[in-house]
Amino acid sequence: MMRIATLRNCGLAATIVLSVQVGAAPATSLGAQAEAGKAHYDRLCVDCHRPDLRGSGHGPALTGSEFLDKWGVRSSQELFLNIKNTMPPGGNAELGDTQYLDLVAYIVQANATTTDAVPIRPDAPIIIGSGQPAASQPSLWQSFDSPDTIDVSSERVSGFVYREATAFIPVSKQELAQPPAGDWLSWRRTLDGQGYSPLASINRDNVHQLKLAWALTMGEGSNQGTPLVRNGIMYLTHPGNRVQALDAASGELIWEYRHRYPAEAKTLGGPTRNIALYGDKIYMATYDAALIALDARTGKLVWQTVKADFRQGFTHTSGPIVANGVIVSGINGCERIVADGCFITGHHADTGEELWRTSTIALKDDPNTETWGAMPPELRAGGDTWIPGSYDPELNLFYIGTSQAKPWVAASRGMSPRDKALYTNATLALNPDNGDIVWYYQHIGGETIDMEVGFERVLINRKGRKLLATIGKDGILWKLDRATGEDVDLVETMHQNLFAQVDRSSGKIGYRQDILDAKIGDPVSVCPGIYGGHNWQASAYSPQTHALIIPLHQLCAEMVGRKVELVPGKGGYGGDSRSFEMPGSEGNLGKLVAFDIDAMAELWSHQQRAMFLTSVLTTAGGLAFVGDLDRYFKAFDVSTGKLLWQARLGAALHGFPITYSAGGKQYVAVPTGLGVFRALTAAISPEIYQPEGGNALYVFELPNLNQ
């Protein structure tokens, strides 16, 4: 018979059809059982645990020494009960015992059990590491964080005929620096990363009248995109490396492009946080570690350049920024130990030719190579760039944040937090013409709790000084001189207990002693936790109030470092964690806070139970827009923090809201859906309903009072 199984997991949601034959003959070997299990794994688990089962930041490794250290001498029944009782997070699954046993068989076989071993039965468990029979015994120990679903991308079957975006006007360097008021040309609209729009038709006085203009269903996956708008044409990325051109006033499709990529290249639900516009082209960084250019009018592929081998773990979650005409982008997947490690590249806009490549890890001939202690250059990992950078055309400097060294915990990588491990967990200022690092500022050296400062860099000019503001998972807001890299100021935006020393005058920060001394297996409890504090949900600047509006997560975590195999091709995250509410938050997991950029002092804050899961959008209408887990899109007064308007949508809000004008009218757009944060939100706020699926774009407008 056929059964519909609706699954809600760590990052995605999908409805799949499972064929279960009543009374069907049981599998005759572990190999046959594992083959069925692989099909379930590829659908349900691959985004958090990765196609090769080596794990990610949102799901532990299911193969290799790290997995076998925990599970090698334990029974298949323990693993079966663990998965069945804890997966997917948030419940609401309809997988039967047969499918769970198939998944266990696939995991067991992946850990070198021979294919002719006996199949796994509930009443005949085997030892995972050997495949030999074991006594049946239940387990209450729970170690898995989250499997995930993966959307199965199918080709659109339709008679719809694509058209040409004839209204498109090529984008110049000057326009990227100072876009027309109605356009949204870059990730945060302007290259300075402020997330601010000068549009003011929608304002404090009329925002309560906002109504839905149009909506569009989007592909499943981790929906963290940023729509771009040029002269009334919207360019929208879907999960699955899919780009659409739309009429921005009506939502009518103009054309669509789907990048072909190997299924194993997609990780963490497949977020694509941004694309770039320049000249007559659209630029996208793909799952399979390539950079492509599309014709902005037709959607046809112009060129494709492979940056790295996705089979070595390299991938993209964020896209490029155009800096002085050069297409600049970082890369992800740097937890695996690969020769030369992580890097940033610059590419020729017309041809895709790689112009330069800059390592984010100090290698053998680098003057800072000794900051990695005794770790040999060929075993150094980390330094991912999760978020697009910012660009100052006057200084001709490109700014980007790097993540920490990998594995997360210093002891797991055979190092100490006293080893700075440059150029990780730092702000880098690069010359986009040649890739040279003009200056760097490492925020916390030797980062050891997955608390990197690797997110947005906001460029602000104040009182004759060029500043750069950034905030990491630890909730520390930094203000640097962006011409020199000099520390100007810092402030704690929320409760933290990671650091015993936070010196505003010198910019020096120091970990607690127990964090410095932690060894493999030593649990460390910290506030904020590994989800932040602050995360990829970007802050926005309001020139009207000279304030940065920042979304925060009031969470703490316990982190334990694990043994990691430090050999080429291996590596990983090497940490287990447990998140919990921040003491003193009174259950308010979400916080929106405004900080004066001059005084570095809090102006106002808003707290609520539901976490904020979008970036912030600020406007000249005196508004700050942001979305949350509980499906609300909200508008706040940037001066007072007063809630002025809210609308409840079909799913949790996600990604990067924008505002633009088309046909003389202002619109506000926001994506919905969810990603790997579901592993956290389903567990930490289970009372908030999280619909399955729901990826869409919602666009709002003011009513036409003349009608």
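All values derive from a computational prediction rather than experimental measurement. Any value given below was found using the heavy atoms of this structure, including those in side chains, with hydrogens, waters and symmetry copies removed.
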Exercise. Any chance the side chains of K473 and Q404 put a donor and an acceptor closer than 3.5 Å?
Worked result: no
Problem set entry | Any donor-acceptor pair under 3.5 Å from D596 side chain to A547 backbone | no
Exercise. Backbone N or O of Y667 within a donor-acceptor pair of the T659 side chain at under 3.5 Å?
Worked result: yes
Exercise. Is a side-chain N or O of Q554 found less than 3.5 angstrom from the main chain of S585, in a donor-acceptor match?
Worked result: no
For this session: Report yes if the side chains of M582 and M494 come closer than 4.5 Å at any heavy-atom pair, otherwise no.
Result: yes
Exercise. Side chain of H534, backbone of G475: donor and acceptor closer than 3.5 Å?
Worked result: no
Problem set entry | Residues forming a salt bridge (Lys or Arg N to Asp or Glu O under 4.0 Å) with R462, sequence neighbours excluded | D598
Problem set entry | Under 3.5 Å donor-acceptor, T226 side chain and R273 backbone | yes
Exercise. With the threshold set at 4.0 Å, does a side-chain nitrogen-carboxylate oxygen contact exist between E586 and R609?
Worked result: no
Problem set entry | ring pair (Phe, Tyr, Trp, His ring centres under 6.0 Å) between W536 and Y531, worked out | CA-CA 9 Å; W536 60 260; Y531 286 89; over 10 Å; no
Exercise. Any salt bridge between D630 and R648, counting N to O under 4.0 Å?
Worked result: yes
Exercise. Is the shortest side-chain N to carboxylate O distance from K211 to E701 below 4.0 Å?
Worked result: yes
